[in-house]
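So that the names make sense, note that chain A is the first sequence line, chain B the second, and so on, each numbered from 1. This is a predicted model, so every value here is computed, not measured.
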2 protein chains.
Amino acid sequence: MPASIGDVADRAGVSVATVSRALRGLPNVAPSTRERVLEAAATLGYVADARAAGLASGHTRTVGVAVPLIGPWFFSQVLAGVEAVVTARDLDVLLMTVDDAAGRERLAAGARLRGRVDGLIVVDIALTEAQKAELAANDLPAVVVGAEAEALPCVLVDNVEVGRTATSHLLELGHTRIALIGHAREDPLHFPVPEERRRGYHEALACAGIAPDPALEVDGNFSVAGGAEAATALLDRVDPPTAILAMSDEMAFGCLRVARQRGLAVPGDLSVIGVDDHDVSPAWDLTTVSQPVHRVGGQAAELLLAVMDAGATSPARIALPTSLRHRGTTGPPMVPTEPSPLGQDALR
Amino acid sequence: MPASIGDVADRAGVSVATVSRALRGLPNVAPSTRERVLEAAATLGYVADARAAGLASGHTRTVGVAVPLIGPWFFSQVLAGVEAVVTARDLDVLLMTVDDAAGRERLAAGARLRGRVDGLIVVDIALTEAQKAELAANDLPAVVVGAEAEALPCVLVDNVEVGRTATSHLLELGHTRIALIGHAREDPLHFPVPEERRRGYHEALACAGIAPDPALEVDGNFSVAGGAEAATALLDRVDPPTAILAMSDEMAFGCLRVARQRGLAVPGDLSVIGVDDHDVSPAWDLTTVSQPVHRVGGQAAELLLAVMDAGATSPARIALPTSLRHRGTTGPPMVPTEPSPLGQDALR
DNA sequence: CTACGGGAAGCAAGCGTTTTCATGCCGGCT
DNA sequence: AGCCGGCATGAAAACGCTTGCTTCCCGTAG
């Protein structure tokens with residue numbers, strides 16, 4: 001039903017080959033001819049069929065982005081970063097969520113990918129080593145975000161350092177009972193990020209000569225609600241922590257909420273630090289370890305484009321810097337015997 | 001390089017037609033044959049080329065989602081909603097941002113769409129009536145989110161009511177100087193949403209017999225920072241408002257930040273209400289008008305699928321309900337002469 | 001005057017599927 | 001015994017483009 005290239009050719013009185021060349025701005029087309037073709041195409045409302053063009057030319061002008069979830073802030077920011085650089089090259093973005101083992105298997109096998117994308121960005125998906133190798137062998141240009149990969153380029157932040165930085169910050173302020181809210185250790189996804197941050201936490205603790213207390217490490221599900229639950233559990237203990245390191249700002253928000261509900265002063269009674277530097281963190285005045293989320297996506301996209309252009313180069317490994325944003329939710333622990341005059345939060 | 005259907009056919013000792021049928025689970029294939037084909041395909045790692053399959057069959061198994069931006073919470077949630085129902089039908093999502101006039105023109109004309117998507121969801125993009133008509137005439141199944149459309153199905157919330165509800169809430173609490181933070185009236189995008197909410201605000205004000213003060217309507221750019229700036233400007237006035245209605249929770253967060261920095265008690269000195277019911281709003285204890293963001297996306301996707309299945313039906317128009325979430329940031333205005341005992345916020 | 005060169009345009013061969021139509025085979029029915 | 005219908009399979013025609021190769025034409029150099 002829609003006009004095809006043949007219709008345009010007929011109307012312009014030239015061959016389809018000439019139409020194809022004229023429309024794509026290729027050389028060796030007389031200006032007068034090109035103009036006639038352009039006009040014919042315009043009046044017919046002709047748009048080339050992407051499938052046919054791709055089939056003939058061998059590419060798709062599309063890159064795939066695989067994420068475990070779409071909703072959370074982190075992923076939407078990475079996605080935005082990818083999108084910005086990809087559309088600058090006039091490519092499209094195919095979004096795919098893979099959130100279970102079957103999906104990961106299919107992704108690694110390249111199912112649904114052939115003839116769909118020219119390249120793939122895999123964000124924070126817990127691929128096994130075997131799956132990564134399979135993906136790399138898959139001839140499809142791919143880059144991994146948030147995890148190391150042997151044969152694939154990857155972009156990530158040093159999450160051990162993230163954990164270390166946050167913990168050291170709290171230690172320097174004088175805290176010794178520091179809780180960690182992250183992901184359950186027995187996480188079926190065994191994605192490295194939480195584990196790495198936990199490692200940094202342990203390292204910093206060890207440096208300060210403090211023995212880690214397993215009771216202070218709880219699951220927060222990387223959500224506001226999960227962070228709130230975790231904080232509740234921690235603060236209900238007979239020996240509550242004086243500081244909480246939440247592995248994401250969203251979980252930190254949950255902590256702050258609980259603190260406020262309980263009338264705890266922050267940072268007087270409880271210090272809270274997050275990770276991400278979420279959009280709304282400045283508004284909360286939340287101390288956090290900032291990571292360049294948007295840049296992560298952009299960098300991954302640039303890397304992918306480079307691989308797509310140059311073919312298989314030596315897989316790069318790009319580490320992006322993080323930095324402590326010391327704001328208002330962390331401070332020295334209160335001396336236990338001295339009750340806080342600021343135990344009430346005026347907001348409530 | 002990758003195995004084609006012909007390779008599979010050779011290896012299984014059958015024709016390509018049989019391979020095609022066997023792999024897609026079509027009837028009239030002997031079980032033994034099917035098994036042989038499956039095995040051949042598996043050992044060859046065969047995956048059908050989506051372009052070729054699409055070209056031959058006429059569809060793409062992909063739906064497009066066009067948004068003006070990816071980063072903001074609202075869009076990521078809508079996207080997630082769409083994605084959930086679309087992938088349940090084993091379709092893919094092609095993400096496209098259109099944020100300028102040229103992009104809108106191209107979108108309406110269907111550029112880059114043919115052979116790329118089987119259907120399109122347009123989210124909060126300021127199409128002119130002519131462009132909507134063009135899109136509708138474009139034979140491509142499409143649904144519009146966040147705007148009325150003559151010839152296209154659409155899903156939206158009653159944004160006039162949203163504005164009315166929020167404003168009435170503040171009025172009932174006793175406020176009379178109520179500021180509105182939204183989008184600049186001379187918005188070049190002239191997207192209807194802010195304008196509708198503003199209308200609701202005016203209607204509620206009129207009902208209460210209050211003349212709107214243009215000085216109390218300011219632009220907040222729908223971001224945290226924009227909300228903060230707007231709040232600053234409002235509170236710097238000689239006659240500051242006692243309540244602020246922000247058209248999004250993110251802008252409301254900016255307001256709360258400013259209030260806290262200035263030592264204003266919320267809701268004692270200043271009431272703040274937002275719109276959206278953002279993930280972190282419960283943590284802030286923010287009063288807001290909740291809209292079912294995820295559901296909006298899901299509903300749009302379901303509508304689109306229905307159109308794709310059934311062909312052109314009469315264009316539906318689905319309005320989703322909103323509701324007031326009365327939380328802690330709104331309350332009666334303080335009696336002006338009585339200074340607040342809670343002017344200090346313990347968080348800072 | 002012929003040979004040569006280069007730009008403009010056309011022909012036709014793919015690209016890898018799906019799908020229609022034709023073919024062959026077998027069993028059951030009249 | 002002769003047909004007929006149904007099932008499994010194959011051959012080949014689309015699908016709509018890109019692209020290598022060829023042809024044509026004209027101007028210039030020898």
Chemist: Side chain to side chain contact (heavy atoms under 4.5 Å, CB included) with A/Asp92: which residues, sequence neighbours excluded?
Modeler: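 Once residues adjacent in sequence are excluded, the partners of A/Asp92 under the side chain to side chain contact (heavy atoms under 4.5 Å, CB included) criterion are A/Thr62, B/Leu94, B/Met96, B/Arg112, B/Arg116.
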
Chemist: For A/Phe75, check ring-ring contact (aromatic ring centres under 6.0 Å, His included) against everything at least two apart and list the hits.
Modeler: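 Not a single residue meets the ring-ring contact (aromatic ring centres under 6.0 Å, His included) criterion with A/Phe75.
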
Chemist: With sequence neighbours excluded, what pairs up with B/Asp10 under the side chain to side chain contact (heavy atoms under 4.5 Å, CB included) test?
Modeler: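 So B/Asp10 forms no side chain to side chain contact (heavy atoms under 4.5 Å, CB included) with any residue.
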
Chemist: Closest nucleotide of DNA chain D for A/Asp49 versus for B/Val16: which of these residues is on the 5' side?
Modeler: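 Nearest-nucleotide comparison on DNA chain D picks B/Val16.
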
Chemist: Which pairs, with at least one residue in residues 297-310 of chain A and sequence neighbours excluded, count as a salt bridge (Lys or Arg N to Asp or Glu O under 4.0 Å)?
Modeler: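 Qualifying pairs: A/Arg89-A/Asp309, A/Arg295-A/Glu302.
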
Chemist: Walk along DNA chain D from 5' to 3' and tell me the first and last nucleotide with an atom closer than 4.0 Å to a non-hydrogen atom of chain B.
Modeler: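 From 5' to 3', the first and last contacting nucleotides are D/dA8 to D/dC17.
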
Chemist: Would you confirm whether A/Arg34, through its side chain, and A/Ala30, through its main-chain N or O, come within 3.5 Å as a donor-acceptor pair?
Modeler: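 No.
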
Chemist: Can you list every pair that meets side chain to side chain donor-acceptor pair (under 3.5 Å) and has a residue in residues 35-44 of chain B, with sequence neighbours left out?
Modeler: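 Non-adjacent pairs meeting side chain to side chain donor-acceptor pair (under 3.5 Å): B/Arg11-B/Thr43.
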
Chemist: Show every salt bridge (Lys or Arg N to Asp or Glu O under 4.0 Å) that has at least one partner inside residues 46-73 of chain B, sequence neighbours left out.
Modeler: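 Matches after skipping sequence neighbours: B/Asp49-B/Arg51.
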
Chemist: Which residues pass the side chain to side chain contact (heavy atoms under 4.5 Å, CB included) test with A/Ala17, not counting sequence neighbours?
Modeler: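 Applying side chain to side chain contact (heavy atoms under 4.5 Å, CB included) to A/Ala17 gives A/Ser15, A/Arg21.
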
Chemist: For A/Ala319, which residues count as a side chain to side chain contact (heavy atoms under 4.5 Å, CB included) partner, sequence neighbours excluded?
Modeler: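 With sequence neighbours excluded, A/Ala319 shows a side chain to side chain contact (heavy atoms under 4.5 Å, CB included) to A/Leu156, A/Arg317, given in chain and number order.
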
Chemist: So does A/Ser15 get a side-chain nitrogen or oxygen closer than 4.0 Å to the phosphate oxygens (OP1/OP2) of C/dA9?
Modeler: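 It does not, given that no N or O in the side chain of A/Ser15 lies less than 4.0 Å from OP1 or OP2 of C/dA9.
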
Chemist: Just compare C/dG16, C/dT17, C/dA12 and give me whichever is closest to any side-chain atom of A/Leu55.
Modeler: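 Output: C/dG16.
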
Chemist: Can you give me the bend angle of the helix from C/dC1-D/dG30 to C/dT30-D/dA1? Use the axis through the first five pairs and the one through the last five, nearest 10 degrees.
Modeler: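 For the helix from C/dC1-D/dG30 to C/dT30-D/dA1, the axes at either end differ by 60°.
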
Chemist: Residues from residues 23-46 of chain A sitting under 4.0 Å of DNA chain D, heavy atoms only?
Modeler: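 Heavy-atom cutoff 4.0 Å gives A/Arg24, A/Tyr46.
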
Chemist: Using whole Å, report how far CD1 of B/Ile5 lies from C1' of C/dC15.
Modeler: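 Going from B/Ile5 (CD1) to C/dC15 (C1'), I get 14 Å.
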
Chemist: Can you see which heavy atom on B/Ala316 is nearest to which on B/Leu303, and at what distance?
Modeler: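 That would be CB-CD1, 4.1 Å.
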
Chemist: Once salt bridge (Lys or Arg N to Asp or Glu O under 4.0 Å) is applied, what residue pairs with a partner in residues 118-142 of chain A remain, sequence neighbours excluded?
Modeler: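 Only A/Glu129-A/Lys132 qualify under salt bridge (Lys or Arg N to Asp or Glu O under 4.0 Å).
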
Chemist: Send over the distance from A/His59 NE2 to C/dC15 P, rounded to a whole Å.
Modeler: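 To the nearest whole Å, that distance equals 16 Å.
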
Chemist: Quick check: on DNA chain C, is the nucleotide nearest B/Ser57 upstream (toward 5') of the one nearest A/Ala56, or the reverse? Name the residue that is more 5'.
Modeler: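 It is A/Ala56 whose nearest nucleotide is closer to the 5' end.
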
